[in-house]
Structure formats: C-alpha cells, structure tokens
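Comments concern the structure below.
All of these numbers come straight from a predicted model, not from anything done at the bench. In what follows, residues are counted from 1 in the order of the sequence shown. Atom set for the values below is all heavy atoms of this structure, side chains included, hydrogens, waters and symmetry mates excluded.
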Amino acid sequence: INAEYMGDGVYFLHLAQSREYTYEHFAVFFPGYPAVVRVLTETLFRPLTPLLPLPTLLPICAVFISTASFTLAAGVFYRLSLHVLGCPHWALRSALLFCITPANIFMSAAYSESLFTCLAFFGMLWWVQRRTHWACLSFLLAATVRSNGSMFAGFFLFDAIHALLNKTPRHIHTACLALLHALLIGAPSLLHQRRIHTLYCPGAQWCSRPAWGLYSYLQGRYWGVGWFAYYAPRQLPNFLIALPTIALLASSIQTHICKAGWGFAMAGLDQPHPYT
C-alpha cells in the first residue's frame, strides 16, 4: 500500500508515525484517527513489526481500521434505522444504500470517514435509545476524529430546549445535564485548536487570531474551504453528477414540510419527545 496515492491519507499516516504536527497546515486533521492507527499498530499488529517496517505497517493498519469501521457502521446503521423506522425491510434497504454510496471509496482508505461514521452511528443509536451518557461518549470520540463531530452537540441542545419548553419532570436537571453533554462534545475541537495555537505561537503570522477560529482560518488558507467556497463555475460538472440526489432530497424535504406543517418550523420541540 503506497501512501503517496491516498490523498489526505498521507497526512494521517504522517501524524500516526511522527505523533507531531510538523507543519501548521496539518492542523486541519484531527488527532483521533492517527492515534487509533498508532495504538493498533503497536498492539494488534505488533507481531508483524519484525517482518514489515513501520512506514509499510501503518497504512495496512489504517486500511484495516477503516474497513472494519465501515463494516461495523453498516450494522449499527441497520439497528438505528430499525429503531427509527420500525420496519426491518426499510432498515435493510437503508443499510444497503449506505454500503453502495459512491463515497465508500473513502471508507476503505487511510481516511477518517469510516471511524467517524461508525462513532456517529453508535452515538445516534444510543441517543434514540436514551442511553445519553454512552451517546455523549461516542459523539465526543467522533469529535476527536473530525471537526464536524462537534455538531453532534445539537442532539443534546435539542434535549435541553425540549425539556425547558415542555417543563418535563425534573426539566431543570435534564436541561443542565444535556447542556453538559453538549459542552463535552464541543470540547475536543476547542482543545485541538488551542493546542495548535500554543504549538506555533508566537511565530506564526496568525497568532493574533483567537484560538477558537484557527481551524476555519487554516482550512481557508491551505485548502480553500469556506462558506460557499465550493460554489464556483468550475464545480458545475460535480453538481450535475449530484443532480439526481439533490432532486430526491428536495422532493423529500418538500413532502416532509407539507405533512409536518408548523411542526417542521418547531422541529418537534412543541411535541412530546420522540424517543422517551
């Protein structure tokens, strides 16, 4: 396995091997996935170290983690769909569609997507089962793998707002606990950015910027990522490829809005909790 042909995988493998953010643009890659690769390389794959050098063993371990996580994620997604939809037929279809997504090329490479997705699905499953402590732990771990993991705090913000609006039993306790869970899920992103800020400052030209905005700045500077930055004329072929999916999503959203009415605007906050 040649890491040179893995795209972003080369950055993850460098972090797994060196354990350091050698260059500032590496900071956009969160440490969770490289840490798992390194730990499993030194434990589960340790018997292979006399046969294979570390630069060869690391990508093998990374692909193993990604493939295993993707397989496990499909099973968890089936259970999640079964819980939400209540129909084994549609749950199986959902899991199969997840498996054949065009993006699954990244699920078997040295990328963080598989591990992140697996942790995300576990968190969602435990959240709908109201095993909130386990859901928080899973979402927190996902937030160490990818930056958008902090968005899972929204599940617990929903719980907090719902408890306060509906004045459920012990609503103050429920809301405070949910807010604590949300803060824990958001912590990895803030701590990672603070670590990078401490590592490179003073000295870097962006040191005057607040640490909490460092990730967005580096994404824009080195990777061209930003609000609506992808929406450019040169991306038109990609939008045409995605057009069938966009049309299906638009139709589904329209149908849901028509059926839900005012409930769509309230996001279910004015109704009994869907998973209690």
Side-chain angles (χ1 to χ4, degrees), residues 70 73-107 113-114 116-130 132 135 138-139 142-143 146-166 178 181-182 185-186 189 216 219 225-276:
F70 179 53
V76 177
F77 186 58
Y78 171 79
R79 292 179 57 194
L80 173 63
S81 301
L82 184 61
H83 190 99
V84 173
L85 302 176
C87 175
H89 174 72
W90 285 108
L92 179 59
R93 284 196 171 189
S94 300
L96 291 176
L97 286 173
F98 167 72
C99 292
I100 63 174
T101 170
N104 65 15
I105 183 64
F106 299 106
M107 299 297 190
E113 275 82 349
S114 286
F116 176 80
T117 303
C118 183
L119 292 169
F121 286 166
F122 265 115
M124 293 175 192
L125 176 63
W126 284 328
W127 186 81
V128 299
Q129 292 176 341
R130 307 315 295 153
T132 54
S138 188
F139 287 148
R146 293 181 67 86
S147 62
N148 49 346
S150 59
M151 298 300 293
F152 293 131
F155 283 90
F156 293 100
L157 292 177
F158 175 89
D159 284 346
I161 297 172
H162 183 274
L164 294 174
L165 288 180
N166 293 273
H181 285 154
I185 295 169
S189 177
S216 298
Q219 278 275 46
V225 177
W227 286 103
F228 300 107
Y230 190 80
Y231 293 82
R234 67 178 183 276
Q235 301 294 351
L236 182 59
N238 292 325
F239 282 104
L240 292 176
I241 293 174
L243 191 59
T245 302
I246 295 174
L248 179 62
L249 287 174
S251 176
S252 300
I253 293 172
Q254 181 184 17
T255 301
H256 178 68
I257 292 175
C258 292
K259 288 185 176 181
W262 172 246
F264 173 80
M266 289 297 295
L269 290 170
D270 58 337
Q271 303 293 327
H273 198 290
Y275 304 108
T276 53

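Listed by chain and residue number, F116, F139 satisfy the ring pair (Phe, Tyr, Trp, His ring centres under 6.0 Å) test with F152 (two or more places apart in sequence, or in another chain). Among residues two or more places apart in sequence or in another chain, the side-chain hydrogen bond (donor to acceptor under 3.5 Å, both in side chains) test is passed with S189 by Q193. With sequence neighbours left out, I257 forms a side chain to side chain contact (heavy atoms under 4.5 Å, CB included) with I253, F264. The ring pair (Phe, Tyr, Trp, His ring centres under 6.0 Å) test applied to F77 returns F98, F121, not counting sequence neighbours. Listed by chain and residue number, H162 satisfy the side-chain hydrogen bond (donor to acceptor under 3.5 Å, both in side chains) test with N166 (two or more places apart in sequence, or in another chain). Shown here are the side-chain hydrogen bond (donor to acceptor under 3.5 Å, both in side chains) partners of H273, two or more places apart in sequence or in another chain: D159. Contacts of S114 classified as side chain to side chain contact (heavy atoms under 4.5 Å, CB included), with partners at least two apart in sequence or in another chain: S66, S69, F70, M107.
Nearest heavy atoms, A143 versus S150: CB-N, 4.0 Å. The two residues A74 and A95 come nearest to each other via the heavy atoms O-CB, 4.0 Å. Considering all non-hydrogen atoms of both residues, A182 and L157 come closest at CB-CD2, 4.0 Å. L82 approaches C87 most closely through the heavy-atom pair CD1-C, 3.8 Å. Residues S138 and G123 come closest through the heavy atom pair OG-N, 3.3 Å.
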Side chains of residues 235-245: which donor-acceptor partners sit under 3.5 Å, not counting sequence neighbours?
from	atom 1	to	atom 2	distance (Å)
Q235	OE1	Y230	OH	3.2
Q235	OE1	N238	ND2	2.7
N238	ND2	Y230	OH	3.1

For residues 265-272, tabulate all N or O donor-acceptor pairs below 3.5 Å that involve a side-chain atom, not counting sequence neighbours.
none

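Residue Y275 places its OH atom among more than 12 non-hydrogen atoms of other residues, nucleotides or ligands, all under 6.0 Å distant.
To the nearest 0.5 angstrom, W126 atom CH2 is 12.0 Å from T132 atom OG1. Atoms OG1 and CG, on T117 and N104 in that order, are 11.0 Å from each other to the nearest 0.5 Å.
In this structure, M124 and F155 have side chains that are in contact, with non-hydrogen atoms separated by less than 4.5 Å. I100 has its side chain within reach of L97: a pair of non-hydrogen atoms, C-beta onward, lies under 4.5 Å apart.
Listed by first and then second residue, the side chain to side chain donor-acceptor pair (under 3.5 Å) pairs that reach into residues 73-88 come to none, sequence neighbours excluded. Every pair passing side chain to side chain donor-acceptor pair (under 3.5 Å) that includes a residue from residues 86-95 is listed here, sequence neighbours excluded: H89-R93.
Proximity of a side-chain donor or acceptor of R146 to a complementary backbone N or O of E113 within less than 3.5 Å is not detected. Under the 3.5 Å distance criterion, the side-chain polar atoms of T255 are matched with a main-chain donor or acceptor of S251.
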